[in-house]
Amino acid sequence: MTEIVVTDADGLRTIRIARPDKKNALTRAMYAAMGDALREASTTPSIRAVLITGGAECFTSGNDVGDFKARGDQAVEVPSPARDFLAALRQCPKPVVAAVAGYAVGIGTTLLLHCDFVYAAENAVFRMPFVDLGLCPEGGSSLLVAQRGGQLLANELLMMAEAFTPATALRAGIVTTVVPTGDLLATAEAVARKLAAKPPGALATTKRLLRQAEEARLSAHMTEEFARFGALLRGPEAAEAVAAFQEKRKPDFTRFLATE
Ligand code: COA
């Protein structure tokens with residue numbers, strides 16, 4: 001797996017997404033590799049912090065749209081490595097830092113909601129385009145964005161589904177801080193290294209306490225999101241959206257009727 005590069009140095013595990021010709025779009029194999037890297041980090045005492053990055057140009061354009069099509073073509077839900085990856089991220093007891101430059105689309109934005117520190121470069125572009133793909137939000141975003149940024153901002157980001165700036169991501173509670181693009185990786189790495197030097201037991205307990213009150217609610221919400229996302233992915237609206245992306249044309253949703 002050359003598209004996910006995992007390196008360990010001085011207690012810090014760095015997981016780098018490296019598929020630049022496809023804007024770091026995530027395939028099933030890439031999610032599986034990232035999930036493995038996180039699970040191993042969780043249980044390896046010498047790894048004390050994790051950094052997730054797509055490098056200096058692009059974080060990730062989200063789920064590989066071709067993989068969406070393959071999943072949508074199945075008659076029933078198939079195992080989802082994306083879901084397993086998000087579970088591994090949420091369950092990681094070590095601090096997780098993300099460094100975001102360029103595009104962070106779809107799960108590229110929603111995975112950030114489960115990191116502990118998120119540094120965004122000034123050139124970062126966020127988007128949760130689920131509705132425009134005939135899908136619904138995933139990764140807890142329909143709960144967490146409203147909780148952190150308020151209902152009206154969540155409506156705007158998840159129903160309009162347009163690209164938004166690092167300043168808006170800050171307002172939505174998706175990023176910790178925005179830094180000059182050239183400083184991104186050094187800033188995120190410095191924070192991750194500081195975290196790696198802290199007492200690991202105290203840090204793990206603090207992380208658990210910070211999250212546990214909301215855990216059951218978030219877990220139930222994510223289960224519903226994934227079920228609805230899977231059903232929509234097998235439906236005609238997503239088929240039209242994916243075909244339009246692949247054919248490089250505008251989608252036409254005029255023939256569809258609301259079913260909720
Ligand atoms: N899945 C598969 N391929 C993708 C991809 C994705 N999510 N995102 C980009 N690519 C591919 C493009 O098809 C293109 O491939 P090609 O060179 O073989 O034609 C290549 O990566 C470069 O993308 P391009 O669209 O030319 O780059 P851009 O800078 O103009 O735009 C994005 C970048 C991210 C805005 C745009 O690619 C995009 O909207 N991608 C889809 C994002 C998406 O809907 N993700 C799913 C989220 S749920």
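Read the numbers this way: they start at 1 and go in the same order the structure lists the ligands and their atoms. Counting from 1, the numbers follow the sequence of the chain as shown.
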remark   = Short version for Lys248: what comes under 4.0 Å of ligand 1, heavy atoms counted, is side chain
task = Specify the protein heavy atom at minimum distance from atom 16 (P) of ligand 1: its residue, its atom name, and the distance to 0.1 Å.
result = Lys22 NZ, 3.6 Å
Residues clustered with Val5, ILVMFWY side-chain links under 4.5 angstrom = none
note = Here the atoms of ligand 1 under 4.0 Å from any heavy atom belonging to Ala25 are 1 (N), 2 (C), 5 (C), 6 (C), 7 (N)
note = heavy-atom search around atom 20 (C) of ligand 1 in the protein gives Asp21 O, 3.4 Å
query = What residue and heavy atom of the protein are closest to atom 23 (O) of ligand 1, and at what distance?
reply = Lys23 CG, 3.8 Å
message = More than 12 heavy atoms of other residues, nucleotides or ligands under 6.0 Å from CE of Met1: yes or no?
response = yes
ask   = Considering Gly106, Gly62, Ser61, which one's heavy-atom position lies nearest to atom 45 (N) of ligand 1?
value = Ser61
message = Using heavy-atom distances only, which candidate in Leu135, Leu133, Asn63 approaches atom 48 (S) of ligand 1 most closely?
response = Leu133
query = In terms of heavy-atom contacts, does CZ of Arg39 have more than 12 from other residues, nucleotides or ligands at under 6.0 Å?
reply = yes
inquiry  = Regarding ligand 1, does Val65 bring an N or O atom to under 3.5 Å of one of the ligand's N or O atoms?
reply    = yes
key: Heavy-atom nearest neighbour of atom 38 (C) of ligand 1 within options Phe68, Tyr103, Phe130, Phe245   = Phe245
